[in-house]
Student: 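My questions all concern the structure below.
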Amino acid sequence: MTEATGIVGEFLSLKAETDADILAMQCGDFYEFFADDAELVADELDLKLSKKSSHGSSYPMAGVPLADLTPYLKALVERGYRVAVADQYETDSGHAREIVRVVTPGTLLETTDADAQYLAAVVDGDAIGANDGTAFGLAFADVTTGRFLVTDAADADDALTELYRFDPVEVLPGPDARANDELLNTLRERTDATLTLHDTEAFAPKRADHAVGDHFGRETVDRLAVGEATIAAAGAILEYVDETGAGVLASMTRIQAHQGDDHVTLDATTQRNLELTETMQGERDGSLFQTIDHTETSAGGRLLKEWLQRPRRSLEVLERRQESVAALSSAALARDEIQDQLGEAYDLARLASKASHGSADARDLRAAAETLGVLPALAETIASSPDLAESPLSEIIDRPDREAASELRETLEEAITDDPPSTVTQGELFQRGYDPDLDAVIDQHEEVKEWLDSLADREKRQYSLSHVTVDRNKTDGYYIQVGKSAADGVPDHYEQIKTLKNSKRFTTDELEDKEREILRLEEQRGELEYELFEELREEVASRAELLQDVGRALATIDALSSLASHAAENRWTKPDLHRGDELRLEQGRHPVVEQTTEFVPNDVQMDEDRGFLVVTGPNMSGKSTYMRQVAGIVLLAQIGSFVPAKEAEIGLVDGIFTRVGALDELAQGRSTFMVEMSELSNILHAATEESLVILDEVGRGTATYDGISIAWAATEYLHNEVQAKTLFATHYHELTGLADSLPRVANVHVAADERDGDVTFLRTVRDGPTDRSYGIHVADLAGVPDPVVERSRDVLERLREEKAIEAKGGGSSEPVQAVFDLGSGQFSGAASADGGQSAGESETDGDDAETIDPEAKAVLEDLETLEVNTTPPIELVSKVQKLQQRLEDGDN
Ligand code: ADP
Ligand code: MG
């Protein structure tokens with residue numbers, strides 16, 4: 001292949017400089033793509049391909065007009081490409097081109113999506129040689145709003161939880177993290193983020209520390225008290241944003257540490273199970289966020305979502321939010337007014353970013369001025385409502401520097417016209433009186449315009465012409481157009497320039513002079529206004545922090561008003577929050593399901609003596625809904641929201657953990673039994689005494705006996721060791737027996753009524769275990785032939801009897817599994833429990849130890865020394881399985 005020269009050669013050598021996927025190179029009024037890039041872009045964006053020859057070869061070429069680049073960039077970046085943009089600039093010897101920016105998913109400023117757009121970096125502490133013990137460091141930056149957050153993570157799971165929570169669009173894995181296939185795969189599966197392998201040097205601890213210290217100030221960084229790995233992540237992001245040329249570093253005014261202590265742990269699975277921001281099917285509709293979101297502004301929506309994803313533990317913080325919500329929900333009129341006023345507000349954080357980047361236009365600045373004006377209006381509304389005035393809202397609205405805000409607003413209002421154009425290079429942006437030089441140019445400009453506007457009338461009068469108009473176009477410039485009938489009567493100094501069907505066009509020396517003058521003035525005005533505009537925009541950019549403060553205050557009031565509206569419209573109540581164990585809901589409802597269903601409210605009572613509820617009931621009776629309702633209510637309470645209940649007392653939790661049995665999830669193709677077990681294992685490790693644990697049909701993804709065994713052991717572990725507040729729904733009736741041996745376990749069941757051959761689901765939760773399974777009944781209803789139904793009743797009856805014998809060696813009703821009678825610490829019934837086939841034939845009556853064979857005896861001894869309470873459940877199960885295997889082998 002021959003070396004390309006000329007424009008293609010320049011393109012290819014610029015392309016070789018960048019690691020971007022695609023290069024867009026300015027050529028005059030177009031951005032052009034060549035060679036492979038042209039083909040790719042043409043394919044992705046339906047552009048027309050043409051050819052460019054260079055040095056005897058022909059290259060594919062595609063292009064877009066300068067002004068249209070943004071939507072194409074956006075489309076390419078949203079498809080996951082990184083696009084380098086090379087601009088053309090004038091030099092003494094012609095022009096040259098240079099890459100000015102690399103647009104990536106995490107540095108795209110031109111977003112129209114209201115959601116946060118996080119760029120994340122994740123660094124493994126060990127690998128960078130951090131000696132402060134931070135396992136993982138994470139940083140998140142939203143270039144569209146300037147938000148910059150950092151946090152330490154205790155391990156890889158923790159890191160993933162944070163990543164899942166922020167749902168970044170682009171992730172920069174540190175040098176080591178990119179070798180961690182498991183982390184990367186999970187990231188690919190769980191998020192839509194683009195993974196970018198940024199220069200490893202940028203993650204070097206010293207260099208990163210410098211970068212962060214320089215940008216945010218040394219003192220701030222020290223005060224953050226985060227690990228070295230975390231600073232490395234933050235530094236890498238700063239460098240990346242700088243290098244990609246997004247030009248928004250100035251809007252990143254503040255770095256905040258999000259330490260876990262004050263936040264409720266919500267692992268990725270739980271966020272998904274509770275359908276916080278999207279349903280299990282991946283829809284936004286029907287999520288908890290979508291249900292409670294009545295915010296007026298996109299910034300308010302972003303904040304409310306953030307609250308949901310990061311519930312709090314601080315009683316003070318929550319009670320303050322509650323006070324505001326309470327005040328707003330009772331002051332309905334003032335709330336309406338506030339929401340109206342917020343309707344006028346634009347996204348100030350985004351405006352600040354655009355100003356820093358230099359892409360804000362005059363309309364943006366005008367919008368900023370109007371939004372700054374919302375602040376005093378809101379303050380006024382709050383002050384004039386006694387309820388609101390006494391609430392924390394007064395303090396929220398006073399947080400930003402109100403005086404500085406009103407000065408900036410005045411500056412902008414005095415500068416920008418009421419309805420400026422969207423182009424910033426062609427004038428008409430500024431008000432009269434803003435700048436004397438500009439005023440002089442405008443005066444002259446207006447004068448000439450005036451002269452031109454009145455020319456047609458003057459000519460008509462002076463030369464008695466009819467049908468005269470004065471206009472301009474690109475080819476003819478300014479001209480006097482005279483109708484055909486009158487064209488013969490034009491004065492001599494008229495110079496004809498064109499003949500049309502019904503008219504002729506003329507010019508005069510004077511008109512040509514004026515034309516030159518007006519073009520000169522237009523250019524002068526455009527340039528001057530642009531200069532002034534850039535100054536003004538820089539001034540606005542320098543006030544990024546103020547804009548962010550005001551934006552934050554407005555967003556907070558928006559989010560609180562949204563919570564208040566929802567509470568008022570749905571009769572939610574303010575929960576009593578406390579630091580104790582009690583969780584009491586009177587007539588609680590499910591926050592989402594109640595929107596679409598005639599919901600049957602249910603009570604919940606959990607406390608020190610009743611910390612573990614086994615929830616039983618037939619299929620489809622409402623077990624899952626009941627438990628999710630409890631988790632949802634606790635979560636809402638911990639963002640400061642009211643909750644769907646008649647009365648609520650809620651002990652704050654430090655984490656919410658949920659796990660849905662593999663069978664339910666398998667049906668949706670989401671999970672395997674292995675995943676179910678590893679998540680169970682996570683919960684058993686991570687939950688504490690102050691956590692809320694929801695287990696829904698755990699153990700269901702495997703054979704019955706396996707399943708029961710795991711469920712049983714997990715229950716004991718949670719009850720004895722973890723002591724978390726737990727709700728466990730199960731269709732294993734056997735588990736209801738746990739209430740007899742474990743003091744804090746209580747049974748509740750979802751009632752169903754069977755009358756005249758119909759099962760009615762009452763959806764009412766009552767104390768005590770469910771008395772039976774309705775499976776056979778459903779089979780009957782479904783038309784399964786009578787003999788089969790009869791026979792299955794027989795079989796069920798026999799199985800029940802046998803199990804009773806197997807467990808206790810007598811007619812006792814306590815349905816305890818032979819293998820896992822861990823309550824008494826004894827192995828009752830040596831018969832294999834696996835499948836239970838041998839149980840019926842077994843002669844063993846349980847107390848005849850003499851007849852046990854030696855292998856079984858050895859098994860018994862091993863079992864006796866097995867540390868039930870300290871062995872992790874999964875290991876326990878596998879140990880017990882091995883014991884069973886030995887028994888079986890011994891039998892044969
Ligand atoms: P289970 O987990 O016991 O199989 P689900 O919780 O999945 O049952 O509930 C089954 C159906 O009943 C769902 O469609 C749910 O919306 C509805 N449901 C559950 N609880 C209630 C309730 N308290 N009031 C009204 N409908 C309910
Ligand atoms: Mg269920």
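Positions are given from 1, in the same order as the sequence printed here. FYI, side chains are in, hydrogens and waters are out, and symmetry mates aren't considered; it's all heavy atoms of this structure. Counting starts at 1 for both ligands and their atoms, in listed order.
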Student: Let me check your reading of the structure: within less than 2.8 Å of the Mg ion (ligand 2), is there an N/O/S atom from S624?
Tutor: yes
Student: State the atoms of ligand 1, each with its element, that fall below the 4.0 Å cut-off from a heavy-atom position in E598.
Tutor: 25 (C)
Student: Are S621 and R763 close enough that a side-chain donor and a side-chain acceptor fall under 3.5 Å?
Tutor: no
Student: Under a 3.5 Å threshold, yes or no: a donor from one side chain and an acceptor from the other, between E679 and T269?
Tutor: yes
Student: Do R763 and ligand 1 have an N or O pair less than 3.5 Å apart?
Tutor: yes
Student: I'd like to know if the side chain of D603 reaches the main chain of Q587, judged simply by a donor and an acceptor atom lying under 3.5 Å from each other, with no hydrogens or angles considered.
Tutor: yes
Student: Considering K623, E697, E594 one by one, which has a heavy atom nearer to atom 1 (P) of ligand 1 than any of the others?
Tutor: K623
Student: Given 3.5 Å as the limit, does a donor-acceptor pair link the side chain of Q271 with the main chain of L266, or not?
Tutor: yes
Student: Within a distance under 4.0 Å of any heavy atom of T625, pick out the atoms of ligand 1 and give their elements.
Tutor: 5 (P), 6 (O), 9 (O), 15 (C), 19 (C), 20 (N)
Student: Show the atoms of ligand 1 that are less than 4.0 angstrom away from any heavy atom in S624.
Tutor: 1 (P), 2 (O), 6 (O)
Student: Mark the output for G617 as yes if a heavy-atom distance to ligand 1 is under 4.0 Å, and as no if none is.
Tutor: no
Student: If you count the atoms of ligand 1 from 1 in the order shown, which ones are under 4.0 Å from a heavy atom of P618?
Tutor: 3 (O)
Student: Which word best sums up how the rings of F599 and H590 line up, parallel for under 30°, tilted for 30 to 60°, or perpendicular for over 60°?
Tutor: tilted
Student: Distance under 4.0 Å to a non-hydrogen atom of G622: what atoms of ligand 1 satisfy this?
Tutor: 1 (P), 3 (O), 5 (P), 6 (O), 8 (O), 9 (O), 19 (C), 20 (N)
Student: Looking only at N/O atoms, are V593 and ligand 1 under 3.5 Å apart anywhere?
Tutor: no
Student: Determine which pairs satisfy side-chain hydrogen bond (donor to acceptor under 3.5 Å, both in side chains) with at least one residue from residues 319-329, sequence neighbours left out, and list them in order.
Tutor: R320-E395
Student: Assess whether atom CD of E569 is packed by more than 12 heavy atoms of other residues, nucleotides or ligands within 6.0 Å.
Tutor: yes
Student: Check whether any N or O atom of Y626, backbone or side chain, sits under 3.5 Å from an N or O atom of ligand 1, and answer yes or no.
Tutor: no
Student: Taking side-chain contact (heavy atoms from CB on, under 4.5 Å) as the definition, give me every residue that meets it alongside A637, ordered by chain and number, with sequence neighbours left out.
Tutor: P575, L577, V643, I650
Student: Please check whether M620 reaches ligand 1 - meaning an N/O of the residue sits under 3.5 Å from an N/O of the ligand, judged on distance alone.
Tutor: yes
